[in-house]
Amino acid sequence: MQDFERTFIMLKPDAVQRGFIGEIISRLERTGLTLIAMKFMQMPDDLAKEHYAEHVGKPFYEKLVTYITSGPVLPMVWEGANAVDMARKILGATNPQNAAPGTIRADYGQEIGRNIIHGSDSKTSAKREINLFFSESELVSFSKIDAPWVHE
Ligand code: DAT
Ligand code: MG
């Protein structure tokens, strides 16, 4: 089996408030990606600012931080073959109005400022974001029993 990649995925406050936690996790699970860490938390302001540091100064930055700290979020780490790109495809385009049907953002969202879910955009950001939300000991490495039926 190939070397697995890890990606950081987070359900945003709208996904939590609208009751889509279970459905969205199910959609990720059934792709064969493996959940190796999760938390349920109200994101502190400083963590939100660090998470979205690349967007400082952009016109939507303040609203983005307000949105992500407006209610509980559910940060997760998922592992699998080509996990970063695969998850981005499953999430869909940033703006739900441009996202392909069948993607999470298209199926659950209407607006870019309420786009349901976050996913790392590269291996480098995945590493940075995972370290921001989880310590090494919180990442649970294990072999899933169906692995030979998911991977060659
Ligand atoms: P993504 O979340 O797809 O990686 P991003 O990193 O460019 O997108 O932006 C982070 C979040 O900021 C995004 O999920 C929604 C919000 N956002 C991005 N571009 C925006 C814009 N032009 N107007 C309003 N919100 C925006
Ligand atoms: Mg991004």
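All values below come from the heavy atoms of this structure, side chains included, with hydrogens, waters and symmetry mates left out. As the structure lists them, so they are numbered: ligands from 1, and atoms in each ligand from 1.
- Comment: K89 does not engage D85 in a salt bridge, judged by the lack of any side-chain N to carboxylate O separation of less than 4.0 angstrom.
- By the 6.0 Å contact criterion, NZ on K58 is enclosed, its count of non-hydrogen atoms from other residues, nucleotides or ligands being greater than 12.
- More than 12 non-hydrogen atoms from other residues, nucleotides or ligands lie less than 6.0 angstrom from NZ of K39.
- Enclosure of atom CD in Q110 is not indicated, since only 12 or fewer non-hydrogen atoms of other residues, nucleotides or ligands lie within 6.0 angstrom.
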Atom pairs, nitrogen or oxygen, ligand 1 to protein, under 3.5 angstrom:
| from | atom 1 | to | atom 2 | distance (Å) |
| --- | --- | --- | --- | --- |
| ligand 1 | 2 (O) | R105 | NH2 | 3.1 |
| ligand 1 | 3 (O) | T94 | OG1 | 2.5 |
| ligand 1 | 3 (O) | R105 | NH1 | 3.1 |
| ligand 1 | 4 (O) | R88 | NH1 | 2.7 |
| ligand 1 | 6 (O) | H55 | NE2 | 3.0 |
| ligand 1 | 8 (O) | T94 | OG1 | 3.3 |
| ligand 1 | 9 (O) | H55 | NE2 | 3.3 |
| ligand 1 | 14 (O) | K12 | NZ | 3.1 |
| ligand 1 | 14 (O) | N115 | ND2 | 2.8 |

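- The closest side-chain donor-acceptor pair between D14 and Y67 falls under 3.5 angstrom.
- Contact check on D146 versus K144 returns a salt bridge, with a Lys/Arg side-chain nitrogen under 4.0 Å from an Asp/Glu carboxylate oxygen.
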